[in-house]
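Step one of this worksheet: look at the structure below.
For the numbers below, each heavy atom of this structure counts, side chains included, while hydrogens, waters and symmetry mates do not. Since the model is a prediction, treat every value here as computed from it, not as a measurement. Positions are given from 1 along the sequence.
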Amino acid sequence: MASKPSIPKGTRDFSPAEVAKRQYIIQIIKNNFEKFGFQPIETPSFENSETLMGKYGEEGDRLIFKILNSGEYVSKFNDTLVEFIRFSIIYHKDYLEKKNESFDMKDYDFLYKKNLTTYLKSKSLYIFKDGTISEIELLDDVFYFILKRLKKDNLLSKSDSELDDFVKIIFADFYYELKYKYLTGYISEKALRYDLTVPFARYVVQHQNDIEFPFKRYQIQPVWRADRPQKGRFREFFQCDADVVGSKSLWQEVELVQLYDTVFTELGLKGVTVKINNRKVLSGIAEVIGASDKLIDFTVALDKLDKIGEDGVKKEMIEKGIGAEAIEKVQPLFNFTGTIAEKIEKLGLLLTSSEEGMKGAEELRFICENVMKLGLSSAILDLDVTLARGLNYYTGAIFEVAPPKEVAMGSIGGGGRYDDLTGIFGLKNMSGVGISFGLDRIYLVVEELNLFPETVTATSQALFINYGDAEAFYALQAIQKLRAAGIKVELYPDNAKMAKQFQHADKRNIPFAVIIGEQEIASNSFSLKNLVSGEQVSLDFEGLKNALL
């Protein structure tokens, strides 16, 4: 019996109606991206692992989906590892029998590695390709592991017939101890993208000679994270990113806040809160309390305030080695109230001894003052000093967007300034800033607030009833012209009973039916029936087109 079909946790199928609503949101975001001067690019769904790993912090790296290489790599790895061990044991045994003394490391460096490499090549065995952990490192680990085992087992006392069993024992122990260190790098060299920002940085460096800077790009594509699925959190989801790279001007941050406001206003999401902070401020606070060496631990814990509360944040900070005295100094952050101007003044007092922190406060002042002077249509700007954003590459302003208060949902957007993300790929001094719209969460919020227009639909405007071949041909002539005019219409494919065809239109929520019989063909007309009201009228083609527009 065939198993029941299913999909992986954290992924979803979308119905035609859901896709239509998603496309409605995407189109509004896309249109506004282009109004603000952003140009579209696309990058592959997967990148080389080395492109992604180490860019998102320890927690982020654990959520990256790795792609297995094709082929029997695990089996090959195991076979080759057995040969490593077999050769090493025999080499150790022969060496000790000849020397009758402990190993001379010079002999090991010059003879063991050379002889093992020659031996493996002669048997067409290999482990790693370019860009992965070197075979020499694995050779070293095999060597020292076996040396440790030699202290437990008298190798010289073992007969040749006992060596195979010994190889199996050491393989099992060694494989268990080091399989994650080497096997993952061996069987997986690629990974699904975790976000769109790091691939964008790679894109900029790779295509730098073809780009006009400052470069404003937008990208609307899916990303993948091995996260624990829950409401509003998926393992596969779309991001809608807009970034500017090649400019340090803070006017870019001002415009990005306006972009958020414009998109959410058009979607009808009034009352979203655009939270802003600055990583320099957080660095300054860490410096003031004497925890600069714990900056990442400090910011990651602080960023969880909304999720785990004040006590939870303090507990995590203590677990990460941040002292109670230092935590006491940041106590004001947990109840940081007032207007934006008042909060910035408080920051100035707190950060007096930190040049980096004061610079961040001034950047916040510039952005916030100019946003408020220009005005926002429906969004609310708020300075949140506990906002940290968990990604390590942010260096300046950081953003996070909260939905209207009547909806219980996590952030629906976020972003920030990264001064040297391209530097990790070899292009220095290329500052950038960007924001992202969380399509899937925005969808859920708009749906919950019932803000999708009734006109958002993937269905046809009219169904032409099929009475036979002559009527179908007459219908298709009209359908061809209507489609050219941008009207969504279709012909029922079979000459089925009228009741079945009308039932099909009803289930598809198609509002009109076009009825064509001998009389309509003779008079070059069409009978248009409103399937909601039941009203039916006879029209010529122009009248039909105008009625369906």
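Put simply, the side chain of E362 never gets that close to the backbone of K359: no donor and acceptor are under 3.5 Å apart. No side-chain donor-acceptor contact under 3.5 Å links N429 to the backbone of D420. For the pair R279 (side chain) and A397 (backbone), a donor-acceptor distance under 3.5 Å is absent. Under the 3.5 Å distance criterion, the side-chain polar atoms of K55 are matched with a main-chain donor or acceptor of E50. Listed for the Y260 side chain is a donor-acceptor partner under 3.5 Å among the backbone atoms of G414. With R12 contributing its side chain and E236 its backbone, the two residues share a donor-acceptor pair below 3.5 Å. The backbone N or O of T422 lies less than 3.5 Å from no partner atom in the side chain of K428, so there is not a single donor-acceptor pair. Judged purely by atom type and a 3.5 angstrom limit, D261 has no side-chain atom pairing as donor or acceptor with the backbone of L376. Looking at R193, its side chain does come within 3.5 Å of a backbone N or O of P222 through a donor-acceptor pair.
Counting non-hydrogen atoms of other residues, nucleotides and ligands closer than 6.0 Å to CD of Q230 gives a total above 12. Sparse packing is recorded around NZ of K315, with 12 or fewer heavy atoms of other residues, nucleotides or ligands lying under 6.0 Å away.
At a threshold of 4.5 Å between non-hydrogen side-chain atoms, the residues D61 and Y194 do not count as touching. Between F237 and R441, the closest side-chain pair of non-hydrogen atoms is not below 4.5 Å. Contact check for Q258 versus L374: side-chain heavy atoms found under the 4.5 Å cut-off. Here the side chains of I380 and V272 are not in contact, with every heavy-atom distance at 4.5 Å or above. Residues Q27 and N31 have side chains in contact (heavy-atom distance under 4.5 Å, counting atoms from C-beta outward). No side-chain heavy atom of D382 sits less than 4.5 Å from a side-chain heavy atom of V274. Side chains of F264 and K270 form no contact here, defined as non-hydrogen atoms less than 4.5 Å apart. W224 places none of its side-chain heavy atoms less than 4.5 Å from the side chain of L63.
For the atom pair NZ (K248) and CD (E363), the distance works out to 10.5 Å, reported to the nearest 0.5 Å. Atom CD of E447 is separated from atom CD of E18 by 8.0 Å, given to the nearest 0.5 angstrom. Considering OG1 of T43 and CZ of R217, their distance stands at 7.5 Å, rounded to 0.5 Å. Taking CG from L364 and CG from N278, the interatomic distance works out to 5.0 Å, rounded to the nearest 0.5 Å. In this structure, CD on E356 lies 9.0 Å from OG1 on T395, to the nearest 0.5 angstrom. Within the model, atoms CD1 of I442 and CE of M409 stand 10.5 Å from one another, a figure rounded to the nearest 0.5 Å.
Remark: the E189 side chain and the N48 side chain contain no N/O donor-acceptor pair separated by less than 3.5 Å. Using modelled atom types, one finds no donor on one side chain facing an acceptor on the other under 3.5 Å when comparing T11 with R235. Of the N and O atoms on the side chains of S377 and T265, not one donor lies less than 3.5 Å from an acceptor on the other residue. With 3.5 Å as the limit, one finds a donor-acceptor pair spanning the side chains of Y418 and D243. Side-chain contact annotation: S431 with D419, donor-acceptor N/O pair under 3.5 Å present. Side chain to side chain, S460 and E490 meet the donor-acceptor criterion of an N or O pair below 3.5 Å. Side chains of D241 and S436: a donor-acceptor N/O pair is present below 3.5 angstrom, by distance only.
Each of R225, R22, R233 was scored for a salt bridge (Lys or Arg N to Asp or Glu O under 4.0 Å) with D440, with one residue passing: R22.
Residues F46 and F65 place their aromatic rings such that the two centres sit no closer than 6.0 Å. Aromatic rings from F33 and Y218 are positioned such that their centres are separated by under 6.0 Å. You'll find the ring centres of F366 and W251 inside the 6.0 Å limit.
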- Message: Could you go through I398 and I276, starting from their C-alpha distance and side-chain angles, then the distance that decides it, and tell me whether this counts as side-chain contact (heavy atoms from CB on, under 4.5 Å)?
- Response: CA-CA 6 Å; I398 45 179; I276 185 172; over 6 Å; no
- Task: Take I412 and V445 through the side-chain contact (heavy atoms from CB on, under 4.5 Å) test and state the conclusion after the steps.
- Result: CA-CA 9 Å; I412 56 177; V445 173; 4.1 Å; yes
- Given side-chain contact (heavy atoms from CB on, under 4.5 Å), test R417 with Y394 step by step and report yes or no. CA-CA 6 Å; R417 167 74 63 173; Y394 290 127; 5.9 Å; no
- Task: Check the pair Y56, D195 against side chain to side chain donor-acceptor pair (under 3.5 Å), reporting the backbone distance first and the verdict last.
- Result: CA-CA 10 Å; Y56 307 104; D195 71 353; 2.7 Å; yes
- Item | Stepwise side-chain contact (heavy atoms from CB on, under 4.5 Å) test for Q219 and Q39 | CA-CA 8 Å; Q219 199 170 345; Q39 298 175 288; over 6 Å; no
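Among all heavy-atom pairs drawn from A301 and M317, the shortest one is CB-CG, 3.8 Å. Between E287 and S354, the shortest heavy-atom contact is OE1-OG, 2.9 Å. Minimum heavy-atom separation, L259 to A242: CD2-CB, 4.2 Å. Counting all heavy atoms, side chain and backbone alike, C240 lies closest to L439 at SG-CB, 4.1 Å. Scanning all heavy atoms of the two residues, the minimum distance from Q252 to S247 falls at NE2-OG, 3.9 Å. Across all their heavy atoms, T457 and K488 have their closest contact at O-NZ, 3.1 Å.
Salt-bridge formation is not detected for the pair K190/E47: no Lys NZ or Arg NE/NH1/NH2 atom is positioned less than 4.0 Å from an Asp or Glu carboxylate oxygen. A salt bridge does not link D384 with K343: none of the charged nitrogens is closer than 4.0 Å to a carboxylate oxygen.
Ring geometry for Y443 against F452 counts as tilted: the plane angle lies between 30° and 60°, on a 0 to 90° scale. Relative ring orientation between F200 and Y203 is described as parallel, the plane-to-plane angle staying below 30° on a 0-90° scale split at 30° and 60°.
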